[in-house]
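Letters A, B, ... mirror the listed sequences (proteins, then strands); counts begin at 1.
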Amino acid sequence: MPELPEVEIVRKDLERDVVGRKVKDVTVKLPRIIRRHKTRKEFTDRLAGRKITKIERRGKYILLGLDSDDVLVMHLGMSGHVERATGRKAPDKHTHVIIKFVTGGELRFVDMRQFGELFVSARDALDGVKELQHIAIDPLEDSFTWQYFSGLLVGRQVKLKTLLMDQKFISGIGNIYSDEILWASGLRHDRLSDSLTSQEVRRLYRAIQEVLQDGIRHRGVTLEDETYKDLYGVAGSMQDHLKAYGREGQPCRRCRTPIVRERWSNRSTYFCPQCQV
DNA sequence: GTTTAACCCTGCACGC
DNA sequence: TGCGTGCAGGGTTAAA
């Protein structure tokens, strides 16, 4: 389930591995993945012969800058990942788009559940893309200060988990990391944002940064379904360090109370009923 | 402004 | 063993 840390790992891997490479040709095996384009050709023609110049991230979106002033936008959805491969190894059945490079080797977009997508946009038209224009501040940016964060909370009365997962509020946090952040800050998912003391706001702010950085340090969460892997097919290890998510019935690492799983907004939410208040 | 539900799709568990 | 059914899973958006 790629969230900010997983997407950031992919961004870093791509930055090291594909910047400077020139695209030879592109194969789209499943048009659904490029659903914003009317035809395959409209997509592939804008990539063929182009050199990749830089890799950026906006929330959970990855932006591959091209030397044509176009940008290849990538969203991993729920089960997507990107892998570097040689043409020798046959692509598995969930490989939907293959980008071949002039220097050999290729980039494969793999996504079992097909919620991910790729599209090409002119760089100066990016701000007009609905999903990108509303993306809020990145919690790992320098400008995400404690003052800024507490300012965001002013006048809002929303449950904390809803707020954390709201990409218009802060970008990059999904179901797994929101549970971890709330556990780390000792706050319940259904606490209302305007009920926090300034000490609790500070704890939440710290937890957001620490948990996300931890996720990056451990190269992301790879669950049993193994849908997320880095560019080289290597699994992350953050799943071994989770304190709440996926630990239903297991003792809380702080107070030994069994972790509870609750159905919340059509999602699983894991928390400690004792030490998260 | 906030909450809820539905949708996207595949794999898997379950019952017959 | 094989088939059909139902549901989990995350992000987004439309509707309430």
Side-chain angles (χ1 to χ4, degrees), chain A residues 1-10 28-37 57-62 73-82 91-97 109-119 128-136 138-139 151-182 188-196 211-212 215 220-229 236 238-239 242 244-249 261-271:
Chain A
M1 325 300 141
E3 301 178 29
L4 189 152
E6 290 77 22
V7 178
E8 178 62 14
I9 295 297
V10 174
V28 177
K29 301 173 85 173
L30 185 70
R32 188 188 137 65
I33 299 298
I34 56 155
R35 47 196 171 268
R36 277 171 212 243
H37 296 273
R57 180 178 59 76
R58 281 198 205 173
K60 298 171 190 169
Y61 288 82
I62 299 169
V73 182
M74 191 179 271
H75 191 273
L76 301 175
M78 198 177 116
S79 55
H81 73 273
V82 200
D92 76 80
K93 65 173 177 172
H94 299 299
T95 300
H96 307 310
V97 178
F109 184 81
V110 186
D111 183 7
M112 186 177 75
R113 300 214 167 91
Q114 306 176 14
F115 291 177
E117 70 165 329
L118 296 176
F119 63 92
V129 176
K130 226 188 335 179
E131 290 83 350
L132 291 173
Q133 66 188 182
H134 70 232
I135 290 180
D138 193 293
L152 284 179
L153 291 169
V154 171
R156 300 205 56 171
Q157 187 181 30
V158 187
K159 288 170 183 162
L160 289 180
K161 181 152 172 168
T162 307
L163 214 48
L164 288 176
M165 288 177 64
D166 183 354
Q167 305 302 303
K168 299 193 250 335
F169 177 74
I170 309 175
S171 62
I173 300 170
N175 200 36
I176 296 177
Y177 287 96
S178 62
D179 280 2
E180 293 303 304
I181 288 165
L182 289 166
R188 279 179 65 99
H189 57 92
D190 53 2
R191 266 289 285 282
L192 289 173
S193 50
D194 66 349
S195 74
L196 300 186
V211 170
L212 294 174
V221 173
T222 302
L223 297 176
E224 277 172 20
D225 59 10
E226 295 199 328
T227 52
Y228 171 74
K229 288 179 178 173
M238 182 62 181
Q239 64 280 2
L242 296 177
Y245 186 87
R247 299 194 66 247
E248 182 183 19
R261 175 190 189 176
E262 210 171 79
R263 201 82 194 139
W264 181 83
S265 284
N266 236 8
R267 293 282 184 276
S268 290
T269 287
Y270 299 85
F271 65 100

* How many Å lie between CD on A:E6 and C1' on C:dG10, as a whole number? -> 12 Å

* Give one of base, sugar-phosphate or nothing for A:F169, where a contact means two heavy atoms less than 4.0 Å apart. => nothing

* For B:dG1, does either OP1 or OP2 sit under 4.0 Å from a side-chain N or O belonging to A:Q157? -> no

* Atom pair distance, as rounded to whole Å: CD in A:E262 and P in C:dA8 -> 15 Å

* To do: May I ask you to say what A:K168 touches in the nucleic acid, namely base, sugar-phosphate or nothing, with a heavy-atom cut-off under 4.0 Å?
  => nothing

* How about A:V7 and A:Y61: do any of their side-chain heavy atoms sit closer than 4.5 Å? -> no

* Candidate list A:E180, A:E3, A:K161, test side chain to side chain donor-acceptor pair (under 3.5 Å), partner A:N175, passing option -> A:K161

* Rounded distance in Å - CG (A:D111) to P (B:dG11) -> 11 Å

* To do: Assess the pair A:Y228 and A:H81: is the distance between their ring centroids shorter than 6.0 Å?
  => no

* Check whether any side-chain N or O of A:K93 sits under 4.0 Å from OP1 or OP2 of B:dG11, and answer yes or no. => yes

* Structure fact -> Looking only at B:dT10, C:dA8, B:dT3, the nucleotide nearest the A:H94 side chain is B:dT10

* Check the angle between the aromatic planes of A:Y270 and A:Y245 and answer parallel, tilted or perpendicular using the 30° and 60° thresholds. => perpendicular

* Asked: Expressed in angstrom and rounded to an integer, what is the separation of A:R191 atom CZ from B:dT2 atom C1'?
  -> 19 Å

* To do: Rounded off to whole Å, could you give me the NZ-to-C1' distance for the A:K161 and B:dT4 pair?
  => 16 Å

* Might you work through the side-chain contact (heavy atoms from CB on, under 4.5 Å) test for A:L76 and A:V82, ending with a clear yes or no? => CA-CA 8 Å; A:L76 301 175; A:V82 200; 3.9 Å; yes

* Asked: For the side chain of A:Q167 and the backbone of A:M165, is there at least one donor-acceptor N/O pair under 3.5 Å apart?
  -> yes

* Asked: In whole Å, what is the span from the CG atom of A:L153 to the P atom of B:dG1?
  -> 16 Å

* Asked: In whole angstroms, how far is the C1' atom of C:dG10 from the CG atom of A:D166?
  -> 15 Å

* To do: For the residue pair A:L212 and A:P139, establish whether any side-chain heavy-atom pair is separated by less than 4.5 Å.
  => yes

* To do: Let me see the working for A:H96 and A:V110 under side-chain contact (heavy atoms from CB on, under 4.5 Å), right down to the final yes or no.
  => CA-CA 6 Å; A:H96 307 310; A:V110 186; over 6 Å; no

* Side-chain N or O of A:H75 closer than 4.0 Å to phosphate OP1/OP2 of C:dT12 -> yes

* Whole-Å distance separating the NE2 atom of A:H189 from the P atom of B:dT2 -> 19 Å

* To do: Five pairs at each end of the helix from B:dT2-C:dA16 to B:dC16-C:dG2: take the axis at both ends and give me the angle between them to 10°.
  => 50°

* To do: Report yes if at least one side-chain N or O of A:Y228 is closer than 4.0 Å to OP1 or OP2 of C:dG9; otherwise report no.
  => no

* Asked: A:Q114 side chain: which of B:dT10, C:dG10, B:dT3 is closest?
  -> B:dT10

* For B:dC8, take OP1 and OP2 only and decide whether either is under 4.0 Å from a side-chain N or O of A:R32. => no

* Asked: Quick one: is A:R113 getting a side-chain N or O under 4.0 Å of the B:dG11 phosphate, OP1 or OP2?
  -> no

* For A:F115 and B:dC8, are the ring centres under 5.5 Å apart with planes inclined under 30°? -> yes

* Look at all strands and tell whether A:Y61 reaches a base, only sugar-phosphate, or nothing, counting heavy atoms closer than 4.0 Å. => sugar-phosphate

* To do: State whether A:S268 places a side-chain N or O below 4.0 Å from either non-bridging phosphate oxygen (OP1 or OP2) of C:dG9.
  => yes

